[in-house]
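First listed ligand is number 1; within each ligand, the first listed atom is number 1. By convention here, the first residue in the shown sequence is residue 1.
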Amino acid sequence: MNINGVPYRTIWRSSDGKAVEVIDQTRLPHEFVTVRLENVADVANAIRVMQVRGAPLIGVTAAYGVALAMQRCATDIELTQVCQLLLATRPTAVNLRWALVRMQEKLSGVAESDRNVQAWLEAESIADEDVVINQAIGQHGLALIRAVWSNKLEVVNILTHCNAGWLATVDQGTALAPVYAAHDAGIPVHVWVDETRPRNQGASLTAWELQQHGVPYTLIVDNVGGHLMQHGQVDMVIVGTDRTAANGDVCNKVGTYLKALAAFDNNVPFYVSLPTPTIDWQINDGVKDIPIELRDGDEVTYIHGRTREGELVAVSIAPEGSAVGNYAFDVTPARLVTGLITERGVCAATKHGLAGLYS
Ligand code: MRU
């Protein structure tokens, strides 16, 4: 993604080779600030406080965290402990576990003296692969958008929830990759951006990155989607996912399920974009078995923003002492999903559909 004409990924190795740098997503959209992560504690903290977030980027950041650890101490014990520490940072996005297993499998077969070099190479490969995967997702999703456009020959209206764009990955995004591909191909697209309470990733991140790329969008509060769908103003929904079960159930930012219900009721196609590392083949019933992150209640009782005078503030919106249920994700049952857009192609959200792409 270009920011003021400069091409950026969301994460990269520092020029001195000793650290990684990320865009601090807690500061967007008000400030574009990069942060240097020097060690595994910095990486764990960045994931926990959501300086980096989004399933694919969480996985890639953790992989770099392992590399940072290996440059200081490359023993078996260190490798195991570092992976355990990073795995505990966030529970829902399965890309985290996937990346750590891949790093561990790669490094456990390597002599301690070579682990530093190999760890950096592997982390770089995971990052590069993410970009290639997302480009392919973009092309498969583009075909779906193009099909809508050829029928309609007017602006294609796409609704999305949370941020599954460039900022949630290394580059391109998952749900937004098809949007960028369509926009770049000259297809007129417009995105309805759910603000995505409580942390407002839609308002602060999706709106920001669409604006950077020049894609027309309209920011809406989370409850508007149903109304828009009833009035024919949404041609398709495309969202990302933090973990997709082997039966096609899809876990994503809380509120996604309600969008899927509204889409189903109004015959609006509901697509989910995902890279292969987001599939959890060990879970056959996503609704029952995908762990849902419970986050701090302050995210619900306080709103963060910037005053007209430019001051960054957090404002309380509820009585002190309110009980809060801050469920960060929900699961959309596969029966509500029109299709899964993967780097291998588009398939039905069923065991059978996935088998068509993965066996
Ligand atoms: O809590 P977050 O911001 O990490 O949640 C992100 C999402 O829910 C995204 O939609 C999901 O990770 C898919 S990202 C390509």
Q.
Do the side chains of Glu293 and Arg90 get close enough for a salt bridge, i.e. N-O under 4.0 angstrom?
A. yes

task = Check whether any heavy atom of Asn163 sits under 4.0 Å from an atom of ligand 1.
result = yes

One finds that the ligand 1 atoms under 4.0 Å from a non-hydrogen atom of Met50 are 1 (O), 2 (P), 3 (O)

Would you indicate whether the side-chain heavy atoms of Tyr64 and Glu124 approach each other to under 4.5 Å? yes

For Ala168, the ligand 1 atoms with a heavy-atom partner under 4.0 Å come out as 14 (S), 15 (C)

Residue, atom and distance of the protein heavy atom nearest atom 10 (O) of ligand 1 read Asn252 OD1, 2.7 Å

Q) Which class fits the ring pair Tyr8 and Phe32: parallel under 30°, tilted 30 to 60°, perpendicular over 60°? A) perpendicular

So His227 and His231, would you call those rings parallel, tilted or perpendicular, with 30° and 60° as cut-offs? tilted

heavy-atom search around atom 6 (C) of ligand 1 in the protein gives Arg53 NH2, 3.5 Å

For Thr241, the ligand 1 atoms with a heavy-atom partner under 4.0 Å come out as 11 (C), 13 (C)

Closer than 4.0 angstrom: is that true for some heavy atom of Glu293 and an atom of ligand 1? no

- Check whether any heavy atom of Arg90 sits under 4.0 Å from an atom of ligand 1. yes

Please step through salt bridge (charged side-chain N to carboxylate O under 4.0 Å, His left out) for the pair Arg9 and Asp128, ending with a clear verdict. CA-CA 10 Å; Arg9 284 183 171 191; Asp128 290 346; 2.8 Å; yes

A student checking ligand 1 against Gln201 at a 4.0 Å heavy-atom cut-off should list atoms 1 (O), 2 (P), 3 (O)

Do NZ/NE/NH1/NH2 and the carboxylate oxygens of Asp16 and Arg36 come within less than 4.0 Å? yes

**Message:** Can you confirm, on distance only, whether ligand 1 has an N/O atom lying under 3.5 Å from any N/O atom belonging to Asp242?
**Reply:** yes

Under 4.0 Å between heavy atoms, the region of Val239 that gets near ligand 1 turns out to be neither

If we only count N/O pairs under 3.5 Å, is Ala55 in contact with ligand 1?
yes

| query | Quick one: does NZ or CZ of Lys253 land under 6.0 Å from the six-membered ring centre of Phe329, within 45 degrees of the ring axis? | reply | yes

Atom 1 (O) of ligand 1 sits nearest the protein heavy atom Lys253 NZ, 2.7 Å

**Report entry** Close approach of Pro56 to ligand 1, heavy atoms, under 4.0 angstrom
**Finding:** yes

Notebook entry, point to check: Transitively linked via ILVMFWY side-chain contacts under 4.5 Å: Ile58 with Val22?
Noted result: yes

Margin query: Whether Arg115 and Asp76 form a salt bridge (side-chain N of Lys/Arg under 4.0 Å from carboxylate O of Asp/Glu) is what I want to check.
Written below: yes

* **Note, Cys347 side chain near Leu354 side chain (heavy atom, < 4.5 Å)** => yes

Counting from 1 in the order shown, the ligand 1 atoms closer than 4.0 Å to a non-hydrogen atom of Thr174 are 15 (C)

